[in-house]
Each structure stands twice: as C-alpha cells, then as structure tokens.
Protein chains: 2
Amino acid sequence: MFEELRADLLGGLMEPGQRLKLTVLSSRFGVSQSVVREALTRLAEQGLAVSSPQRGFSVRPLSVADLSDLTRVRVQIESLALRQSFELGDLAWETQVLATHHTLQRTPVTRPDGSVHDAWSTAHREFHRALLAGCGSPHLENIATSLRDGAELYRRWSWMLTDDHLRDLAAEHRLLKDLALDRDADRGVEALAEHIERSTRDLIAYATEHGLDSDSPDPVGTGPVARHGRPREEPGSPSSA
Amino acid sequence: MFEELRADLLGGLMEPGQRLKLTVLSSRFGVSQSVVREALTRLAEQGLAVSSPQRGFSVRPLSVADLSDLTRVRVQIESLALRQSFELGDLAWETQVLATHHTLQRTPVTRPDGSVHDAWSTAHREFHRALLAGCGSPHLENIATSLRDGAELYRRWSWMLTDDHLRDLAAEHRLLKDLALDRDADRGVEALAEHIERSTRDLIAYATEHGLDSDSPDPVGTGPVARHGRPREEPGSPSSA
DNA sequence: ACTCAAGGGATTATCGATAAAATCGCGACC
DNA sequence: GGTCGCGATTTTATCGATAATCCCTTGAGT
C-alpha cells in the first residue's frame, strides 16, 4: 500500500499541491486511515509530500526555484559519487553497470499504445543507481537516491510538457556506460552533469515561457493528467464545474 | 512529544540497538501508541531509528564502519556547502555566523554539577547550521543537517568515552568563525574537515582498542548511561536477574 | 543430554470510533 | 454593497481495542 501510494506520487497522478485527504485515500486503497496516515508520514519525511500541522498532507508543490536548486545539488552529489565509483568500483560494479544498461536499452520507453512507462522507469532508476553503487559509501548512495526521487517528480512533468529530449536518451546512457567501463572520470562527470541538467533546462524554459512559476494553480494539470478522470476539487480553483 | 523522543535518542539515553517498545514509550510519555508509532516512523525515516517489519522499532545501531562512512560523506558534503557559503554568503550570513558563534562561546559546555549539556548542544548545532546557511541551497543544507544529526548520536558516545578533545573545541570554532569572516575558503574547508574528523578519529581509536566493534552488545551501555537507572531488559543479555 | 514441537505470553499492526480543529457557507450588521 | 461573526460540515488527530504475529518457555521424544 505504501509502495502504491508512492508510485502514484512519483508517477505524477496527483497534481502538485493537491491535498491528500485521509478518507479518500483510505477508501481508495481499502485500508484504514491509520495506515494511510503512516504512509503519508513516511512520504512527507522523504520529501514527496508535505505535512501541515492540523491541516493534513498534500502533494509536494513544484517550483522552478526548487527545481533549479535540486538540479544543482544533484549534479554536485552525483558527480562526487560517480568519481568515487570510477576510482573504487570493483568487478561487481562494472558488471552491474553493464547489466542494468542492457536491461534499460532493451526496455521500450513507451508502450505501443503510447501510454506511460512503468518498466522503463524502474530500469532507468536501476541503471543510475548502479552507476553510483561503486562509490562504496551507503550514506552517499542514499543521498543520491533521495535526490533522484525528488527530481523524478519533475521529470514526469517534463516528460508531458516538453518532448525534445526523447531522441538522444539512449545515446546518453550508452555514453555513460562506456565512460564507466573506461574509468574516464572527468568525461563521465561531464556527461552525467549534462544528462541531469538537460531536462531541467527544457522544463524551466517551458515554465518561464508559459508563465507557470512557483504557484501555478493548475496549468500543468490540464494536460495529460486529466486523462485519469480525477475531478479537480481544490478550493484554490474558483472556476469550478 | 516527537521532539522529546528525538531529544532522548540524540542525547544517547537509549543504548544503540535497544528495542523501542510501543507500550513502554506510550506510558512513558502519557500518549497513545498511535502517536508513538507515528513519531517512531518519522524517526526511522530520518535514520535515527530502524524499523523491522513485524518486529517493531529499535535504536539505530552504531558501528565503526557506519561512523567511518558517515564522517567521510559529511566532510565532503559540508566542504561543498561551506565553500559555497564563502562564495555566496551575504551580510545576513556573516551576521548569523558571528551571532551564533558568540552564543556558543558564552554557553558553558557542561553544567556546574558536571551533567550534560543541553543548551550548548543546541548552540553548537546552530553555529554549524549558520556556517552552512550561506550556501543558498535549501536541499544541500537539509542534507548537511541530516548528516549532522546522524553523527550527533556518535558524538554523544565519543563524549562519554573519550575526553581528550574538550580543550580546543572553542579554539576550533573561533578559527572557523574567523576564516568565515575572512572568506578564506581553502583554509576554512581544511579547518572544518579537521573539526569533523577529530572526534571520529578518537572514537574509532577507542573502539578498536577496546574491541567494541559493529555488534557490541552493551559495553558502551555500562558507562554513564546506567546513571539513568534504566534496567537493562534486552533479551540479548543472558545474565538476567 | 540434545532436538524438536506445541502452548502461552507478549508485542506489533490494524481497525473503527471519538474528540479536536479548521474550513466553508450563511446571515446579520455596518 | 461589503465585511465581520457565528454555526454546520468536513477533516484531522488521538484513542482504546481487536486481530495477527512473533518470541520464549515448557514439555515430550529421540
């Protein structure tokens, strides 16, 4: 149940800032409010949701300032971890990088019906995790994973709104894999930074162009999310049905 | 209540690895098991406790491997943040560094009766937070804080077991403050790294010398913790009453 | 004497309900 | 016509109890 809710959040099913009411979630998953509450508590501690005292929980709001900061920190942390992986990674690490890259390469990005990407997403996460797993530092790895999860939220929106970065993703991953096997730290870090910053650049450009900045009420929600048929019931939108 | 439990954990009142039973905690704090459970969930997500499914919660176990890793990562992260603080910090940052250092300097480390240090601990945390607060990156700041909290657990034990680092703490903090005001990044990072690594070195030396490694049952618990009169009721100790 | 199995006790996880709090809507007042 | 205040409804936070799980002890069997 926790994993389900987490997947929903990461999948971008709920729009940012939307309130997460205990009753609707408990009926939705068929469990009591207690377990929903515990799940939300964990999610909030992870940063995927926010908890307002006496106000309940809501989906973590998105903003270009946060995305910008997140990306910058992510580049720094992942560069650190990648460099250490290149120095300290053993044979098992090399093997894992190769294996996860193969899986990622052979997993289709989108399904034939054009819907979302569930297997590819996990494969993508596994590949990037494997890249950094050689650093030999559990703490550093956890931090990197946590940051990546935070960025995942943005990546889903970037996916829906901009579409000019789909073509060379495979090439970027292949380059990262090759540089890892070659232990070319400098170029590896450079490639990883570019890989991380690319979608951020696109999304920020789109956001500033379309004027949806920090407190966009729902312009992102009018897109592919409406597909899920969830009625917008936020009190912030005066243009009710 | 959450803060109380968190302070107890950080204060080293419970010994590492000890089980945290819901009933005793709920009666201890005079609240229901639900709120204890929520607090433990949050603490577990923060890393201060560990959650075993169907087995409840327990105090985060300590090990030299974990401490070593934690210290290494902490040096890297804090160096990153400090360097950015030195570059980007504004007047407000300088002021905060100066102010928190003054408070820290004027707060006695131990009380006259020789007991623990509650005000000093918060002042210490505030000073280090202020040092890094100029980096202009909320995410990086959060990560650094989280790592510092994790290290706090070890620091308390280091305090009780080794005592050769009490004398020059004030000098180290003053040096850090001066270097911050001078914006001397290289020497600042060097001083901070030394400051972080010092107690770790001492504690690891003590641990390896006294043979209490990863799974020490309670040799650390026989120390100042027994002062709290809490009977050892772990099932792991066969020498029961 | 040791191993294995079943029973009893203790502890955790979940549930439904109650109490507290906040929000929203309606009406009175300025 | 606009604003403030009060009451009703929704929602959260807490509670006590039940059901499920695990650990330890006790006993028989080998």
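So that the names make sense, note that chain A is the first sequence line, chain B the second, and so on, each numbered from 1.
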Practice problem: Let me know the distance between CD of Glu38(B) and C1' of dT12(D), rounded to the nearest Å. | Solution: 11 Å
Quiz item: Across the strands shown, which category fits Leu25(A) at heavy-atom distances under 4.0 angstrom: base, sugar-phosphate, nothing?
Solution: nothing
Quiz item: Arg37(B) has a side chain; which of dT12(D), dT12(C), dA13(C) sits nearest to it?
Solution: dA13(C)
Quiz item: What is the ring orientation for Trp120(B) with His124(B), classed by angle as parallel under 30°, tilted 30 to 60°, or perpendicular over 60°?
Solution: parallel
Practice problem: Starting at atom CZ of Phe29(B), determine the distance to atom P of dC15(D), rounded to an integer number of angstrom. | Solution: 14 Å
Practice problem: Check Leu132(A) against Glu141(A) and note the closest heavy-atom contact, atom names and distance. | Solution: O-CG, 4.3 Å
Quiz item: Under 4.0 angstrom, heavy atoms only, what part of the nucleic acid is Leu20(A) near: base, sugar-phosphate, or nothing?
Solution: sugar-phosphate
Quiz item: Could Glu45(B) and Arg42(B) be called an ion pair, given the rule that one side-chain N must be under 4.0 Å from one carboxylate O?
Solution: no
Practice problem: Let me know the distance between CE of Met1(A) and P of dC15(C), rounded to the nearest Å. | Solution: 10 Å
Quiz item: Could you give the CG-to-C1' distance, from Leu22(A) to dG16(C), as a whole number of Å?
Solution: 14 Å
Quiz item: dT23(C), dC15(C), dT12(D): which one has an atom nearest the side-chain heavy atoms of Arg55(A)?
Solution: dT23(C)
Self-check item: Given DNA chain C, 5'-ward residue of the pair Gln33(A) and Gln54(A), judged by closest heavy atom
Solution: Gln33(A)
Quiz item: Which of the following nucleotides, dT11(D), dC15(D), dC15(C), is nearest to the side chain of Ser32(A)?
Solution: dC15(C)
Self-check item: Flag for Arg129(B)-Thr100(B): side-chain donor and acceptor within less than 3.5 Å
Solution: no
Quiz item: If you check the Lys21(A) side chain, which of dA13(C), dC23(D), dT11(D) turns out closest?
Solution: dT11(D)
